[in-house]
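Everything on this sheet refers to the single structure shown next.
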Amino acid sequence: MNNNYTSTRSQKIQISAKEAIKKGFADDGGLFVYPELSNLKINLEAMKGLNYQEIAQIVLEKLLPDFSAAEIQASIENAYDHSFDTAKITPLVSVNNFHVLELFHGPTSAFKDIGLQMLPQLMKRVLKKNNQVMILTATSGDTGKAALEGFKNLDQTAITVFYPHNGVSKVQQLQMETTSGNNTEITAIKGNFDDAQSNVKKIFNDQALKQKLGKNISLSSANSINIGRLIPQVVYYFDAYFQLVEQKQIKLGQKVNFTVPTGNFGDVLAGFYAKQMGLPVNKFIVASNANNVLTKFFNTGIYNRNIPFLQTDAPSMDIQISSNFERLLYYKSNEDTDYVQKLMSELEQTGSYQVSAPILDAIKEDFYCGFATDQEIETTIKNVYQNDNYLMDPHTAVGYKVMRDYQTTDPDTPTILLSTASPYKFVHVVTKAVLNKSFDDDHEAMQQLQQFTQLPIPKNLAQVWDLPILHQDVINQANMTDYVLEKVEDHFHDKN
Ligand SMILES: *Cc1c(COP(=O)(O)O)cnc(C)c1O
């Protein structure tokens with residue numbers, strides 16, 4: 001058996017990649033991790049000249065050792081061969097004096113597509129004939145739609161998405177409400193993203209519910225807690241690096257920095273995986289919005305979520321509990337699962353924890369952290385458009401601002417800024433910054449922005465206004481478990 005994965009909270013748990021993808025979460029409430037990543041070193045020379053799919057093949061074979069090479073190849077083909085609007089999948093664009101890795105060319109115009117076009121392909125190859133899986137997803141806006149597009153109409157699966165009522169952009173909400181497919185369920189909940197995420201976690205740990213579902217129906221997750229979503233994201237760090245080599249901006253072996261707009265810490269953790277596997281990285285620049293729990297952690301070693309939750313202009317990062325940070329604590333404590341278990345139960349009970357000084361120092365060796373306010377987001381979008389003729393979305397603008405802060409101490413290392421969404425997805429913020437105008441109607445705003453910038457609107461966003469609304473539920477947090485049960489009955493009952 002290839003039981004390569006374990007839990008962040010207990011070494012006793014040993015599980016294959018396939019089982020880890022099927023389950024999503026570990027039974028002890030921890031997250032699945034691959035121990036000793038440095039054993040998976042990649043030969044960089046051998047990656048030279050390869051395209052995205054070929055790089056993906058190498059990375060995924062390493063991290064998913066119980067999938068056959070043919071299974072991985074077929075998954076990559078299905079995930080990336082037709083649903084992206086560029087053959088490069090994640091093109092690296094060099095603007096005057098910075099480099100942007102555009103991660104938003106997939107079917108829903110956010111970087112989540114890269115993981116979520118792949119996860120269903122992997123899931124499909126994990127399920128046995130009589131298995132049925134309900135995918136549960138808490139979303140701050142982008143994961144929901146990307147997961148729905150990935151899983152819709154996939155046999156043996158159904159998907160339920162929970163998003164914060166009045167907590168996502170108009171475009172994001174419409175994208176979800178208009179989702180077709182015979183196995184898709186979407187509901188707003190009265191609460192914020194952290195409420196949605198912690199209730200989903202509770203549902204996963206609800207033993208009585210598991211009993212009711214029986215042995216052939218299970219629950220899994222499409223959030224970045226699922227390794228099947230996280231691991232595909234490791235690929236574009238390698239691919240970006242080689243694009244920079246190809247553009248002759250760097251020499252093979254030279255170190256670069258990556259700036260990552262961060263919420264749940266999944267994207268940047270994938271970068272850390274790449275570094276452990278041998279990618280030459282100096283620092284990861286972690287950029288948050290005004291929900292700056294992580295910046296405070298970097299300054300003090302104290303992770304404290306007992307502060308007001310803010311709704312910002314970069315809503316996909318309105319998060320106080322960065323789930324994947326638990327994985328980093330696992331690696332940075334030298335895989336001390338008892339220690340992680342202790343910190344996580346403190347977080348659950350008191351809303352905060354403090355790490356030891358050596359662990360904080362070890363984290364700072366690889367990461368720098370900062371944040372941007374809404375005002376800074378707007379100024380950044382406006383200035384970068386005016387000075388460099390590059391239009392960025394609010395999340396990317398958060399990254400840009402923090403990258404510039406960091407570069408005052410490290411001006412020379414080439415730095416790649418990850419762009420996580422199309423500017424049209426958060427059009428009200430972008431038009432305010434660039435056109436200095438507020439629109440009541442986002443559709444109108446989109447057209448005006450297009451006229452002004454001449455930048456094409458991604459097809460899925462141009463079309464969303466004309467599609468019928470198919471989902472409009474709003475429920476209380478307390479009813480999430482019942483909602484899941486009801487939807488399991490609807491979708492799976494007949495076949496049992
Ligand atoms: C999800 C998201 C992020 C944050 O990514 P994490 O993996 O949660 O840190 C940043 N920007 C956009 C547009 C997103 O959708």
Side-chain angles (χ1 to χ4, degrees), residues 5 8 17 20-21 24 31-35 37-38 40-42 47 52 55-64 72 75-76 79-80 89-90 92 101-104 106 110-119 122 142-143 146-147 150 221-243 256-288 294 316-317 319 322-332 363 366-367 369 395 399 416-421:
Y5 283 80
T8 47
I21 288 170
L31 306 182
F32 294 120
V33 277
Y34 194 111
L37 283 168
S38 52
L40 300 181
K41 280 277 183 310
I42 278 178
M47 266 192 184
Y52 191 93
I55 290 176
Q57 183 79 27
I58 295 175
V59 172
L60 297 193
E61 278 185 27
K62 291 261 187 204
L63 284 163
L64 303 173
I72 289 176
S75 299
I76 291 171
Y80 302 126
I89 311 297
T90 59
L92 185 92
L101 182 66
E102 294 187 345
L103 301 175
F104 53 78
F111 93 94
K112 308 290 200 293
D113 286 325
I114 297 168
L116 285 166
Q117 284 294 301
M118 178 60 82
L119 176 63
L122 299 173
D142 288 335
T143 290
S221 166
N223 286 94
S224 51
I225 50 171
N226 194 319
I227 60 156
R229 147 112 184 254
L230 185 73
I231 287 168
Q233 297 179 186
V234 177
V235 175
Y236 52 72
Y237 285 90
F238 283 97
D239 185 69
Y241 185 87
F242 282 97
Q243 288 190 63
V256 300
N257 300 320
F258 286 95
T259 305
V260 188
T262 293
N264 228 349
F265 213 79
D267 197 0
V268 71
L269 188 87
F272 178 73
Y273 267 51
K275 182 174 183 180
Q276 299 309 105
M277 294 167 76
L279 190 68
V281 179
N282 175 38
K283 281 271 198 298
F284 292 101
I285 300 156
V286 176
S288 311
L294 279 172
S316 299
M317 313 194 317
I319 289 175
S322 298
S323 296
N324 283 288
F325 203 63
E326 175 171 349
R327 288 188 162 115
L328 185 66
L329 294 171
Y330 165 84
Y331 291 110
K332 289 298 185 181
I363 290 172
D366 291 309
F367 298 89
C369 185
H395 304 80
I416 296 169
L417 169 63
L418 272 57
S419 177
T420 48

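Leu230 approaches Gly266 most closely through the heavy-atom pair CD1-O, 3.2 Å. When all heavy atoms of Ala17 and Tyr5 are compared, the pair lying nearest together is CB-CE1, 3.7 Å. Among all heavy-atom pairs drawn from Ser316 and Asp142, the shortest one is OG-OD2, 2.9 Å. Considering all non-hydrogen atoms of both residues, Gly24 and Asn226 come closest at CA-ND2, 3.8 Å. Nearest heavy atoms, Leu40 versus Lys62: O-CD, 3.7 Å. Annotation for Gly399 and Thr259: closest pair O-CG2, 3.2 Å, computed over non-hydrogen atoms.
Sorted by first and then second residue, the pairs that involve residues 256-278 and meet salt bridge (charged side-chain N to carboxylate O under 4.0 Å, His left out), not counting sequence neighbours, are Lys275-Asp366.
Side-chain atoms of Ile89 and Tyr236, non-hydrogen and from C-beta on, never get closer than 4.5 Å to each other. Here the side chains of Met47 and Leu279 are not in contact, with every heavy-atom distance at 4.5 Å or above. Between Leu119 and Pro232 there is no side-chain heavy-atom pair separated by less than 4.5 Å. In this structure the side chain of Ser288 never reaches within 4.5 angstrom of the side chain of Met317, judged on heavy atoms. Within the 4.5 Å cutoff, side-chain heavy atoms of Ile363 are placed close to those of Leu329. Looking only at side-chain heavy atoms (C-beta outward), Val33 and Tyr273 come within less than 4.5 Å of each other. A heavy-atom distance below 4.5 Å is not found between the side chains of Phe265 and Ser224.
To the nearest 0.5 Å, atom CD of residue Gln57 and atom OG of residue Ser75 are 9.0 Å apart. For the atom pair Phe242 CZ and Ile55 CD1, the distance stands at 6.0 Å (nearest 0.5 Å). Atom CG of residue Leu417 and atom CG of residue Asn257 lie 11.5 Å apart, to the nearest 0.5 angstrom.
Exactly one of Val268, Thr262, Leu294 qualifies for a side-chain contact (heavy atoms from CB on, under 4.5 Å) with Phe367. That residue is Val268.
The backbone N or O of Ala222 sits less than 3.5 Å from a side-chain atom of Arg229, completing a donor-acceptor pair. The backbone N or O of Ile225 sits nowhere less than 3.5 Å from a side-chain atom of Asn223 that would complete a donor-acceptor pair. Remark: side-chain polar atoms of His395 are not paired, donor with acceptor, to backbone N or O of Ala421 under 3.5 angstrom. Between the side chain of Ser419 and the main chain of Leu101, no donor-acceptor pair closer than 3.5 Å is present. The closest donor-acceptor contact from the side chain of Tyr80 to the backbone of Ile114 lies under 3.5 Å.
Evaluation of the side chain to side chain donor-acceptor pair (under 3.5 Å) rule for Glu326 yields Thr8, Arg9 as partners, not counting sequence neighbours.
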Residue pair Met277, Leu63: steps toward the side chain to side chain contact (heavy atoms under 4.5 Å, CB included) verdict: CA-CA 10 Å; Met277 294 167 76; Leu63 284 163; 3.9 Å; yes
Side chain to side chain contact (heavy atoms under 4.5 Å, CB included) assessment of Gln233 paired with Phe111: CA-CA 9 Å; Gln233 297 179 186; Phe111 93 94; 3.6 Å; yes
Residue pair Gln276, Tyr331: steps toward the side chain to side chain contact (heavy atoms under 4.5 Å, CB included) verdict: CA-CA 10 Å; Gln276 299 309 105; Tyr331 291 110; 6.0 Å; no
Derivation and outcome, side chain to side chain contact (heavy atoms under 4.5 Å, CB included), residues Ile21 and Leu64: CA-CA 10 Å; Ile21 288 170; Leu64 303 173; 4.2 Å; yes
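Residues Arg327 and Asn324 have side chains that bring a donor and an acceptor to within less than 3.5 angstrom of each other. Side-chain contact of Asn264 with Ser323: a donor-acceptor pair under 3.5 Å is present, judged by distance alone.
Using a 30° and 60° split on the angle between ring planes, Phe284 and Phe258 fall in the parallel class, below 30°.
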